[in-house]
There are 2 protein chains.
Amino acid sequence: MPERRRQARGERRMAQLLDAAADVFAENGYAKATTNAVAARAGVSPGTLYQFFANKEALAAGLAERYRSALAQAHEQAFDPGFATLPLPELVDRMVEPMIAVNLENPGFKALFTAADMPAHVAAPARELHAAVAGRIGSVIAARLPDRPPEDVHRTAVVATQIFGALLGTILSADGDRDRWVAELKQALIGYLAAFESGGA
Amino acid sequence: MPERRRQARGERRMAQLLDAAADVFAENGYAKATTNAVAARAGVSPGTLYQFFANKEALAAGLAERYRSALAQAHEQAFDPGFATLPLPELVDRMVEPMIAVNLENPGFKALFTAADMPAHVAAPARELHAAVAGRIGSVIAARLPDRPPEDVHRTAVVATQIFGALLGTILSADGDRDRWVAELKQALIGYLAAFESGGA
DNA sequence: AGAAAGTACGAGCTTTTGCTCGCATTTGTC
DNA sequence: GACAAATGCGAGCAAAAGCTCGTACTTTCT
């Protein structure tokens with residue numbers, strides 16, 4: 001895999017293709033999306049697409065990388081020092097709001113995050129996304145409850161991530177009452193995490 | 001659509017084909033499953049499959065029907081009169097345990113329930129499954145809290161259903177520590193529903 | 001200017017997949 | 001036994017989708 005030297009035009013094309021992939025994935029899900037459609041959406045021939053991405057999975061991986069970066073940036077803004085001592089409802093707020101915002105701005109990412117259908121070898125980017133989100137949640141929980149076994153913290157973070165993923169679709173497709181569903185998501189997370197904080201010991 | 005007269009052999013074939021479809025769907029999900037693979041698994045030619053099922057979606061619909069029936073039966077056994085007054089943790093137990101049991105006995109159904117990838121027109125059976133589960137949960141909630149607006153009850157039931165679906169995959173694929181994940185699922189549901197019961201009013 | 005590498009095209013290949021069709025066999029009914 | 005309907009086969013069609021390849025243009029470097 002000898003690293004290929006890219007010109008400025010090539011970098012622009014890659015971003016363009018990822019934009020198009022995000023749109024196409026968002027419309028019908030990853031499985032139903034076609035590489036030819038992505039190329040067409042980007043106003044480019046299939047051959048050009050494959051100049052920059054080895055295959056369909058590479059497109060997914062590129063998008064996932066974008067997501068991780070966007071999420072990290074959003075959370076960096078939302079976490080000031082001392083976040084760990086906030087009351088639970090406010091903490092959940094600080095976690096959830098940026099995640100929803102990022103998903104609203106990047107419709108394609110939900111198709112990767114909610115990856116129930118992907119063939120096994122293609123699911124790698126989705127798994128990494130899940131792991132990234134769970135990692136963030138886990139580190140916040142660990143900061144609040146330093147005495148808990150890491151294994152318990154991890155399991156709780158995974159469950160919280162899955163709850164988030166489960167409601168994401170409903171939230172994104174809701175129009176007028178989106179805030180209502182977001183409130184339900186927060187309530188579910190608060191209820192679950194409160195039990196973890198008070199229990200276990 | 002003139003109803004076709006079926007012989008006993010035909011009924012058996014249909015059941016056989018649904019068994020095969022459940023296996024094949026369970027292995028790689030609905031989208032990746034092929035009708036030829038289903039026919040082969042049933043030890044039958046593709047032509048025979050299409051004698052009984054008009055298309056791939058009809059297979060999904062048939063399986064979904066099985067699921068609804070199995071779930072209804074399981075819940076009928078789990079609900080004695082007076083279930084509505086049980087403490088919340090026990091009530092959640094009575095709801096969750098049969099659902100998990102049914103899913104363990106019928107591996108194919110998860111592929112239908114967790115139908116994030118299906119093309120729009122094929123998602124109908126999955127939607128019906130979700131509606132059936134949410135309906136059951138909703139009626140239990142309504143029995144406990146008769147004074148709440150039906151709309152709130154419905155929304156809560158939908159969220160509970162999605163939480164269930166989100167953790168189903170992890171629970172089914174867990175081996176040794178399945179009970180641990182089931183406990184997390186119950187905790188999440190208890191936490192969320194407790195907030196609904198004490199709040200709102 | 002000239003060479004080398006990067007970018008771009010798009011027809012079409014290869015494989016997959018849902019599904020069909022003509023025909024043979026089995027079952028139920030009179 | 002005879003006829004119709006139901007069941008069964010399996011090669012193969014038509015469309016879709018991931019991807020390739022020969023060719024031509026553009027940018028960069030010396």
Side-chain angles (χ1 to χ4, degrees), chain A residues 1-21 24-25 27-63 111 117-125, chain B residues 1-21 24-25 27-63 111 117-125:
Chain A
M1 243 174 100
E3 187 133 328
R4 181 168 191 161
R5 188 160 166 276
R6 296 258 174 243
Q7 304 182 350
R9 181 169 43 144
E11 302 280 0
R12 261 181 279 129
R13 272 272 180 274
M14 290 183 73
Q16 202 176 123
L17 283 163
L18 286 181
D19 289 341
V24 174
F25 288 175
E27 275 167 24
N28 290 312
Y30 176 86
K32 192 78 177 167
T34 76
T35 56
N36 283 7
V38 172
R41 177 70 61 103
V44 146
S45 85
T48 298
L49 186 155
Y50 283 93
Q51 192 97 23
F52 300 101
F53 297 95
N55 47 42
K56 199 180 172 183
E57 179 183 3
L59 280 172
L63 264 189
D117 59 321
M118 292 189 178
H121 66 287
V122 186
Chain B
M1 235 175 113
E3 189 136 323
R4 181 169 191 159
R5 187 161 167 272
R6 295 263 175 237
Q7 304 183 348
R9 181 169 42 145
E11 302 281 1
R12 262 181 279 130
R13 272 273 178 276
M14 290 182 73
Q16 203 177 121
L17 283 162
L18 286 181
D19 289 341
V24 174
F25 287 175
E27 276 166 24
N28 291 313
Y30 176 85
K32 191 78 177 168
T34 75
T35 57
N36 284 5
V38 172
R41 177 70 61 102
V44 146
S45 85
T48 297
L49 187 154
Y50 282 93
Q51 192 94 22
F52 300 102
F53 297 95
N55 49 43
K56 200 179 172 185
E57 180 185 5
L59 279 171
L63 265 188
D117 60 323
M118 292 189 178
H121 66 287
V122 187

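Note that the coordinates shown come from a computational prediction; the quantities given were computed from them, not determined experimentally. Order of the sequence lines sets the chain letters (A, B, ...), proteins ahead of strands, with each chain counted from 1.
The side-chain heavy atoms of B/Arg13 and B/Gln51, taken from C-beta on, include no pair separated by under 4.5 Å.
The interatomic distance linking A/Phe25 (CZ) with D/dA17 (C1') rounds to 13 Å, in whole Å. Atom CG of A/Leu17 is separated from atom P of C/dT7 by 12 Å (rounded to the nearest Å). Between A/Lys32 atom NZ and D/dG18 atom P the separation is 11 Å, expressed in whole Å. Look at CG on A/Leu49: it is 10 Å from C1' on D/dG18, rounded to the nearest Å. Between A/Asn28 atom CG and D/dA17 atom C1' the separation is 14 Å, expressed in whole Å. Between A/Leu59 atom CG and D/dA17 atom P the separation is 15 Å, expressed in whole Å. Between the C1' atom of C/dA5 and the CD atom of A/Gln51 lies a distance of 11 Å, rounded to the nearest Å.
Closest approach of A/Ala111 to A/Phe25, counting heavy atoms only: CB-O, 3.5 Å. Shortest non-hydrogen contact noted between A/Leu17 and A/Val38 is O-CG1, 3.8 Å. Contact detail for A/Ala33 and A/Val24: the closest heavy-atom pair is CB-CG1, 3.6 Å.
Distance check, rounded to the nearest 0.5 Å: CZ of B/Phe52 to CG of B/Leu59 gives 12.0 Å.
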Just by protein heavy atoms under 4.0 Å, how would nucleotides 19-30 of chain C read 5' to 3' in B, S and -?
-> BB------SSS-
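Contact annotation: B/Ser45 side-chain N/O to D/dG8 OP1/OP2 distance is not under 4.0 Å. Contact annotation: B/Arg6 side-chain N/O to D/dT7 OP1/OP2 distance is under 4.0 Å.
Among the atoms of the strands shown, only primed sugar atoms or phosphate atoms (P, OP1, OP2) are found under 4.0 Å from some heavy atom of B/Ala33.
No donor-acceptor pair closer than 3.5 Å links the side chain of A/Lys32 to the backbone N or O of B/Ala31.
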